[in-house]
Amino acid sequence: MVDKITALGAQLDHNGVNFAIFSAHADRVELVLFDEEHRMERTIDVSGRTGDVWHVYVAGVRPGQRYAYRVYGLWAPDDGHRFNAAKLLLDPYARAISRMPQWHESLFGHDRNKDDRVLNPADSAPYAPIGIVVGPGSTADTKASPRIPWTDTVIYETHVKGLSVLHPDVPPELRGTYLGAASNPVLSHLKCLGVTTVELLPVHATVQDERLVQGGLSQYWGYNPLSYFVPDSRFAAGGAASAAAEFRAMVDAMHDAGLEVILDVVYNHTGEGSHVGPTLSWRGIDNASYYVAKPGQSRFLYDSTGCGNTLRAEHPFVRRLIMDSLRYWVEVMNVDGFRFDLASTLLRERCEVNMQSGWLQMVQQDPILSKVKLIAEPWDLGRLGYGLGAYPAPWREWNGKYRDAVRRYWRGESGMAGEFATRLAGSSDLFAEGHRRPSSSINYVTSHDGFTLLDLVSYRQKHNLDNQEGNKDGTNANYSQDCGKEGPSADQSVVAQRDRLRRSLLTTLFVSQGVPMILGGDELGRTQLGNNNAYCQDNEVSWYDWDIDPSKKEMLEFVRKLSAFRKAHPSLRRNRFLTGEVGTHGVPDAVWWHPEGRVMQSEDWANVRAFGMWLAAPDMLLICFNPTDEPVRFKLSDEYAWGLGWGESSVLMGSGSKGDFASVDSQSVLILSAQPSAL
């Protein structure tokens, strides 16, 4: 018999299924079984209760059985309880979903024509999501993970659908699917690009927001979870029934190609939204346990996410849900790690961020999760939610300060050279404490959230009107530029400047200490036409354009060369912070270089804009940065008598070296390599 305590969800054995669901405050629970046409077959009283787990064993139930719950209890919104047995509820542990929510007034626990404290008695059964009983997942024949070391990792952030939906060489029936992302044309592109790790935007089944559906839009990004175990069927060529198998096939194919797979996961909130949102699952099962109430006002939900609710990760059963979900995606679905959206929310206890939180300690101690790649988006929207640099090993963190410093430096802001240099060197100010390494920093210039790389140098302002929010959504702090003209331009001087800046931004990313992450499509010159929050644009605004003209081909080749260059030079992939101290080879590991041909002094940083970075051992590189509008000549001094014989790298065109001097074009980077006699 299945252990009724340790196995939540629908656990199948040879004779039937044990159904188990958590609810601390319910008075009664019913299991409702449906046929394949979603017609109700029978209702079963969940009579067993052990602690706060309600359970019932039903003989004869086999895989494919459709099911959901009704949960009875107090309707007392002022006390945080919103039980409404008229609402059919999805099992939080369901492994597949037969029907997604279909918007109707009956999905709401309260009467929207009156007040959120007035109960809505309408039955939601014809419109509510319904789960499917599936057999146990198997790890048999799992393709081994490539297990790329952090120092060698290059992340490619992408959306499953957007990646392949327009690719002409992907079979039409697979475009925009898991199998499309794993098709040979796409895998070949990723391998040639030199990335090692594919980070997928959320693939958990997601709620399509009512507002978006009514406006003809969609929740494209997927940051609105309905289930933490079910792969989104939007990306399954065979529909919901084959979503899990197709997802696993994608992961296996990427592993075969030597690529890791990381999931962007959203455990900070759910798709049920605020206290006036629909009742689809957690709210109706136990609102007071699953969600954080607003302090002193239990009727309302605390919101540190900007999405209406905050999942209560400090609660033992909510914490268990998150941990069970994470282990499932590693053990059964075979993924290599996770990027945690708004991770600070998961650390909140009594609404305050606790860097010693129980959940964080559980992840660090877990024998499975502690071995996979763990990346935090180290902030949320709540009080003291910005925690960049505060996470313990083995966590890595999205470095928003890197993004902003690099953008501001290359758009020509004065006084940025010092911080820019700190970010180039791995952000030791953020990560050195606690004996962390440069690879603690996930460096990025662009991500899904904001402008694409081309738009970053083509627009000064966001253009989000198509999102139907009056252009009020999306950040205003873009640190972008338009090179003289807002939006698309046929002016060749503008085009050339944008191309030069894109190359400089990408080169900066690949020569920085830390882990580089590129936004999928940037290598193809992808544009969102100035939309910096395309979360609801499931169309050409978000999809990758694979019509590669000569200019796009040049940029693609440039990114490939950058990736190969980084791989070929260990000095760009150090596992310890730069110190400037002389090492065993008799030379410093790094020197900041003034264009006049001398080591930078502390007083130089306030005024200098163009400068160089020397990296030594086991190879020698001089990387010169010039964000100004004029060429800058760097003197190559022999002050240290290192016997350097400089030779120009082929990484960036438009700059060169001759004798004891190097000329760096405006808004450009020059990389020189040397073979010092001492090494």
Pair Phe340 + Trp398: ring centers closer than 6.0 Å | no
Side-chain (Asp35) to main-chain (Arg39) donor-acceptor, under 3.5 angstrom = yes
Listed once per pair and sorted, the side chain to side chain donor-acceptor pair (under 3.5 Å) pairs that draw on residues 221-231, sequence neighbours left out = Asp209-Asn224, Tyr223-Asp264, Tyr223-His448
Among all residues two or more places apart in sequence or in another chain, which pass the ring-ring contact (aromatic ring centres under 6.0 Å, His included) test with Phe235?
-> His159, Tyr178
Pairs satisfying salt bridge (Lys or Arg N to Asp or Glu O under 4.0 Å), at least one member in residues 307-317, at least two apart | none
Answer yes if the side chains of Ser289 and Asn287 hold a donor-acceptor pair under 3.5 Å, and no otherwise.
-> no
Any donor-acceptor pair under 3.5 Å linking the side chain of Asp286 with the backbone of Ser23?
-> no
Which pairs count as salt bridge (Lys or Arg N to Asp or Glu O under 4.0 Å) when at least one residue sits in residues 63-75, sequence neighbours excluded?
-> Arg70-Asp123
Under 3.5 Å side-chain donor-acceptor pair for Asn464 and Asn533 | no
Side chains of Thr305 and Thr310: do they bring a donor and an acceptor to under 3.5 Å?
-> no
ring-ring contact (aromatic ring centres under 6.0 Å, His included) involving His104 - partner list, sequence neighbours excluded | Tyr127
Using the test side chain to side chain donor-acceptor pair (under 3.5 Å), find all partners of Ser357 that sit at least two apart in sequence or belong to another chain.
-> none
For the side chain of Glu157 and the backbone of Leu201, is there at least one donor-acceptor N/O pair under 3.5 Å apart?
-> no
Pairing residues for Trp54 by the side chain to side chain donor-acceptor pair (under 3.5 Å) criterion, not counting sequence neighbours = none
Between Tyr544 and Thr158: side-chain donor-acceptor atoms closer than 3.5 Å | yes
The side chain to side chain contact (heavy atoms under 4.5 Å, CB included) partners of Lys371 (sequence neighbours excluded) come to none
Counting only N and O atoms by type, is there a donor-acceptor contact under 3.5 Å from the side chain of Ser370 to the main-chain atoms of Asp366?
-> yes
Under the ring-ring contact (aromatic ring centres under 6.0 Å, His included) rule, collect the residues that match up with Tyr67, sequence neighbours excluded.
-> Phe19
Residue set satisfying side chain to side chain donor-acceptor pair (under 3.5 Å) with Asn15, at least two apart, ordered chain then number -> none
Which residues share a side chain to side chain donor-acceptor pair (under 3.5 Å) with Asn268, sequence neighbours left out | Asp341
For Tyr290 and Glu272, test the side chains for any donor-to-acceptor distance below 3.5 angstrom and give the result as yes or no.
-> no
Judged by modelled atom types alone, do Ser325 and Tyr93 share a side-chain donor-acceptor pair under 3.5 Å?
-> no
What residues, two or more places apart in sequence or in another chain, satisfy ring-ring contact (aromatic ring centres under 6.0 Å, His included) together with Tyr156?
-> none
Flag for His110-Asn84: side-chain donor and acceptor within less than 3.5 Å = no
Gln537-Asn539 side chain donor-acceptor pair, cut-off 3.5 Å = yes
Can you spot which of Phe247, Tyr328, Trp329 makes a ring pair (Phe, Tyr, Trp, His ring centres under 6.0 Å) with His204?
-> Trp329
Quick one: does Arg339's side chain have a donor or acceptor within less than 3.5 Å of a partner on Glu199's backbone?
-> no
Anything under 30° is parallel, anything over 60° is perpendicular, the rest tilted; go ahead and classify His25 against His81.
-> tilted
Any side-chain donor paired with an acceptor under 3.5 Å for Trp379 and Glu377?
-> yes
His275 and ring pair (Phe, Tyr, Trp, His ring centres under 6.0 Å): which partner among Phe300, Phe108, Tyr302, Tyr291?
-> Phe300
